[in-house]
Amino acid sequence: MKYVLVAINLPVKNLFRQFIYSLPETLQQVGEGWRVIVPFGPQKVEGFVVRAFSREEAAALLQQENPDFAFEKIREVTAALGTRPWFSEEMLLTAKWLARYYMCSLAEAMRLFIPGKTSIRRRPVYENGKLVAYEIEEKLKARTVLAYSITEAGKAALQEGNNRAKAQMQALEILFHAAAPLTVKEAEELQISSAVLRTLAEKDWVQRGSKRLLRNSYDRQAERKETLQLTPEQEQAVAEIKSSLNGSFATQTDSDSGIRKQEFLLQGITGSGKTEVYLRAAEHALRQGRQVLVLVPEIALTAQIVQRFQAWFHEEVAVAHSKLSQNERGDVWYKLRTGEANVLIGVRSAAFAPFKNLGLVIVDEEQENSYKQEERPAYHAREVVRCRCGYTGAVLVLGSATPSLETYYRAVSGGIGYLQLKSRPGSSFLPAVEVADMREELAQKNYSVISRKLRRELIATVHEGQQAIVLLNRRGYSTFVMCRDCGETLTCPHCAVSLVFHADEQVMRCHYCGNTYPIPQICPNCGSRRIKFFGSGTQKAEQEIGQMPGVQVLRMDQDSTAAKLAHEEIIRRFVQKEANVLLGTQMVAKGHDIPDVTLVGILAADSTLNLPDFRASERGFSLLTQAAGRAGRGDKPGRVVLQTYDPENEIITLAAKQDYETFAKRELARRRELLYPPFGEILKITVVDKEETKAWELGDEIALFLRNRYELEKWETTEIMGPFPSGVAKVRDLYRVNIVVKSQALGKVKDCLSGSRYRAVKNIYFDVDPIMAI
Ligand code: ADP
Ligand code: ZN
Ligand code: ZN
């Protein structure tokens, strides 16, 4: 008799234990990595087998974990889901790492590997109007279609031949040579009518079966593969990745140290042709019979990368974005597992796809925050694939123009391979950047969002038949509303943030909870009518730019792209020149390679830098560089106008020069001093409560607990800060209080918390390596 240890797949955060079950005779094949149905209390639930063992081992474990529980009471696994394990050994190991690193339960980590997080659906069963039970059915259904194949009798009939039944013989001939059963539609395309198929079936010369039908929502006409002559820098990068794939030493220095570089930073300025490097590395991995994963920050913004990959690798390419239906995602996973597709391009959740033989992982724009999941478990996709590469031996390539400081530091300190593309291929150069001082504009009585310089450039650009991109990283029309008499700003009653005026719908909107409110006529505080709208968002800029001569503007922000794949539609219209100015939030700054864009305007460049957070300058620098990099990608030179109230700002001047190296050196020095990553690791603990005092009480308790343990266990350099109010102190009526731990021994801090009662408390959230420490 076999026994199994099962992690229960329930979406609860406080179920950290796993449970022992026995396997009935009929399920002896079940082992590690299988999905099963098990009884759990009065209900039946899905579980994941994390270990299989003998009776003796099971008894020993039970004795150790729960000695009061009689061994005979161990229950049986009800059924197995699927016909083989879902989790490979490597996936299971990754899940275990993830659970420990990000402080969640194993089941929570394993759920991430299942499309839709669970494989079953519970259907209530009623009797006389009373709920009596739940029926369980497998959720991911393969869609199948009827398909015909030739039988032995059919083969015999074909051999015999029959001159009077030409159509039938022809059909048998085709079916005999077909590699796989033919659907009715496929048969029709080969001139076999359904009537003939029916006749053949009646004679038992063909049999009906089913064939799995794969849904592909991303069928696109692929352009022809063009092969460019690589620049020497690209050559070099490709060669190093290839030799790593071959398992040999990447460089002389590596062979000296005796370590094969398995991970690379590919740092290339915007437009330097990183994609070309990805394509060739992928081609090499595919030739080796290995699979390739390409992670992109947001699929809608990266249609171009998908097209380039499809042009090279055709049906080998599968795409997984967040808007796929669960069944579509199931199909994609199936194709990877069977090797029907061998390249997956996807957003962060694709990091959990099941590969047969993973050889290469590429993370494009590796510094992007969208790789980090905000809700629990707050994993970072780059770290997940790094772990998987470690277990599979796959090569990891992190691409960026402005890498995260963590990655950059690992590259310059020799932890990973460092590949650089410092110039753009051919005749295109980085654009020239001009700074417009908005204080000067005010002094000259220009109250517009657009400086006179940018206005001139915009008009000239469209006049010459070229295009421009304008970045303003604030949605809405006016960004806050204030009373001139008492100074009150209008805030959301449920969240501690200002309301934003949206002109499109004529409402005040909260960008945190999404609630809308009427536009105030009088001040809610003092009753004054002198209410003023301040700050400018994309809607206001759209209005101003739209009034310039010759300009047709398209706006792209969260409000204009709510619909499925609306981004793509906006980009398509812009590429087809339905408009000559594309205006929007950070979405316009990224990824697009549009040859006729010769001007980029960056409004309110300071606004991204002014958050009181340790990553604000990094984020700001990256955004400014990326936006500027959209200009001059074709053969016409590009220009950038960067508007700021703070032209002496160090980050702004470095971004204007696109001088990443100086920026990184200074920022790293600051971080070293303050123990921020990569020099210390961070854990953010957030306590959330309806009652403000309760949130503070619990926050104080945790901080005290940690400080005591710190004294007791003498952890290496560790700072415990807080509790203090979260950057947004209230969201949807819930108060938020943070404790932030910076440490060079964060593992110990995490283990300490994981061993405490706080681990399973519902309103405490742990965020390991948070994006923001506020
Ligand atoms: P990045 O991702 O580094 O910003 P892309 O990969 O989008 O840059 O490349 C920018 C442009 O340069 C693309 O239009 C691409 O086709 C072109 N390109 C890339 N490599 C070469 C090359 N070796 N020769 C000519 N053009 C190239
Ligand atoms: Zn007032
Ligand atoms: Zn709100």
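Heads up: numbering here begins at 1 and tracks the sequence. First listed ligand is number 1; within each ligand, the first listed atom is number 1. These numbers were taken from a predicted model, which means no experiment stands behind them.
Expressed to the nearest 10°, the angle at the Zn ion (ligand 2) joining SG in C526 with SG in C483 is 110°. The Zn ion (ligand 3) forms the vertex of an angle spanning SG of C492 and SG of C510; to the nearest 10 degrees it equals 110°. Remark: at the Zn ion (ligand 3), atom SG from C513 and atom SG from C495 enclose 110°, rounded to the nearest 10 degrees.
Considering both main-chain and side-chain atoms, G273 comes within under 3.5 Å of ligand 1 through a nitrogen or oxygen pair. For ligand 1, the polar-atom distance check finds no N/O of E276 at less than 3.5 Å from any of the ligand's N/O atoms. For the pair L228 and ligand 1, the shortest N or O to N or O distance does not fall below 3.5 Å. For ligand 1, the polar-atom distance check finds no N/O of T270 at less than 3.5 Å from any of the ligand's N/O atoms.
For the pair R619/D613, a side-chain contact is recorded, criterion being any heavy-atom separation below 4.5 Å from C-beta on.
The heavy atom nearest to atom 3 (O) of ligand 1, out of those in Q626, K274, R424, is found in K274.
If you number the atoms of ligand 1 from 1 as listed, the ones under 4.0 Å from a heavy atom of T275 come out as 2 (O), 5 (P), 6 (O), 7 (O).
At a cut-off of 3.5 Å, with distance as the only test, a side-chain donor of T598 or Q466 sits close to an acceptor on the other residue. When only modelled atom types and interatomic distance are considered, T407 and Q367 share no side-chain donor-acceptor pair under 3.5 Å. For the residue pair Q626/E368, the side-chain donor-acceptor check at 3.5 Å is satisfied. Residues D659 and T662 have side chains that bring a donor and an acceptor to within less than 3.5 angstrom of each other.
At a heavy-atom cutoff of 4.0 Å, ligand 1 is contacted by both the backbone and the side chain of S272. With a heavy-atom cut-off of 4.0 Å, Q229 touches ligand 1 through its backbone alone.
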Verdict with reasoning, E457 to R639, per salt bridge (Lys or Arg N to Asp or Glu O under 4.0 Å) = CA-CA 9 Å; E457 294 282 355; R639 280 153 303 158; 2.4 Å; yes
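In this structure, Y408 has its ring center closer than 6.0 angstrom to the ring center of Y660.
The main-chain N or O of L360 is never found under 3.5 Å from a side-chain atom of R290 such that the two would form a donor-acceptor pair.
Proximity of G268 to ligand 1 is not established, as no heavy-atom distance is less than 4.0 Å.
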